[in-house]
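This report refers to the structure that appears directly beneath it.
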Amino acid sequence: MADAPSTIGQGRIIAHRGASRAAPENTLSAFREAARQGARWVELDVSLLGDGTAVIHHDATWDRCTNGSGALADAGAGDLAALDAGSWFGMAYAGEPVPTLKQTLDLLEGLGLFANLEMKPHGAADRRLASGVAAALTARPWAAERVLVSSFDQGELAALRSHLPDQPIALLSKTAEDWVDTARTLRAAALHVHIAALNGDLLEEAALHGINLSTYTVNDPALVRPYRDRGLGGVITDDPSLFLDDPAWAAWGAH
Ligand code: G3P
Ligand code: CA
């Protein structure tokens with residue numbers, strides 16, 4: 001398996017979709033809020049529009065998190081200006097744009113944040129998403145050590161790996177079953193599992209294989225406290241302040 005770069009070590013408090021309890025998910029405001037709360041890492045979802053533009057958005061449609069409706073696959077870059085990704089969350093965020101991947105990477109670079117980019121192909125198998133992500137990362141030399149690319153879709157990860165042989169990759173798995181061979185094939189540095197699948201045996205197995213293990217989505221620090229000093233690599237949370245306002249977690253998350 002690939003060695004995890006030192007930047008992807010133990011002790012990461014990762015803001016899920018940005019600080020998405022305090023600001024609308026997957027927006028520039030949510031990433032700024034994560035930095036304001038003291039997070040060093042953000043997780044974000046990358047989806048493609050029909051014209052190939054990579055944007056930061058979780059769902060296959062606009063309906064839940066914008067004032068728009070319909071499929072992203074039916075939209076193009078020219079449609080973004082009409083979308084409001086903030087009002088659904090609160091009028092203080094009215095007019096918040098759906099950010100492109102490029103805009104977001106520029107912001108993260110400016111804020112000095114590390115990023116976990118989750119690729120969301122929404123069932124597409126053409127691997128244009130991996131190609132687009134690879135192109136965006138290749139244009140930013142800092143991303144080689146500060147961006148961890150993940151996906152539930154192993155084909156998308158394999159495509160990303162073919163474009164970027166050295167990019168840190170995390171295999172996403174809800175159940176953490178049968179992950180070892182896949183992680184080895186992908187030369188993954190990390191495994192991200194649902195909190196329900198986290199246990200001591202899995203931590204030991206990950207350590208045995210040189211894999212950095214993180215868990216999602218944890219909004220109660222007590223759930224992961226037993227694993228904090230047993231090699232847990234990171235915690236993906238909607239509310240980084242829950243952890244970072246606690247000195248013991250803040251010290252762990254400062255690594
Ligand atoms: O990356 C961890 C987590 O974000 C995966 O689930 O649905 O929140 O993207 P989801
Ligand atoms: Ca995600």
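As the structure lists them, so they are numbered: ligands from 1, and atoms in each ligand from 1.
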Neighbouring residues of ligand 1, heavy-atom cut-off under 4.0 Å: His16, Arg17, Glu43, Asp45, His58, Glu118, Lys120, Phe152, Leu172, Tyr216

Side chains of Arg12 and Asn212, donor plus acceptor under 3.5 Å: yes

Heavy-atom donor-acceptor pair, Glu118 side chain to His58 backbone, under 3.5 Å: no

Main-chain N/O of Val149 paired to Asn116 side chain as donor or acceptor, under 3.5 Å: no

Lys120 with Asp59: basic N within carboxylate O range, under 4.0 Å: no

Charged N-O contact under 4.0 Å between Glu156 and Arg127: yes

Got a list of side-chain donor-acceptor pairs under 3.5 Å for residues 188-201, not counting sequence neighbours?
residue: His194; atom: ND1; partner: Ala196; partner atom: N; Å: 3.0
residue: Asn199; atom: OD1; partner: Asp201; partner atom: N; Å: 3.1
residue: Asn199; atom: OD1; partner: Leu202; partner atom: N; Å: 2.8

Pairs touching residues 222-235 that satisfy side chain to side chain donor-acceptor pair (under 3.5 Å), sequence neighbours left out: none

Test log, rule side-chain contact (heavy atoms from CB on, under 4.5 Å), inputs Ile13 and Trp252: CA-CA 9 Å; Ile13 308 296; Trp252 183 83; 3.6 Å; yes

Around the Ca ion (ligand 2), number of protein N/O/S atoms which are nearer than 3.0 Å: 3

Derivation of the side-chain contact (heavy atoms from CB on, under 4.5 Å) call for Phe243 and Val218: CA-CA 10 Å; Phe243 293 86; Val218 184; 4.1 Å; yes

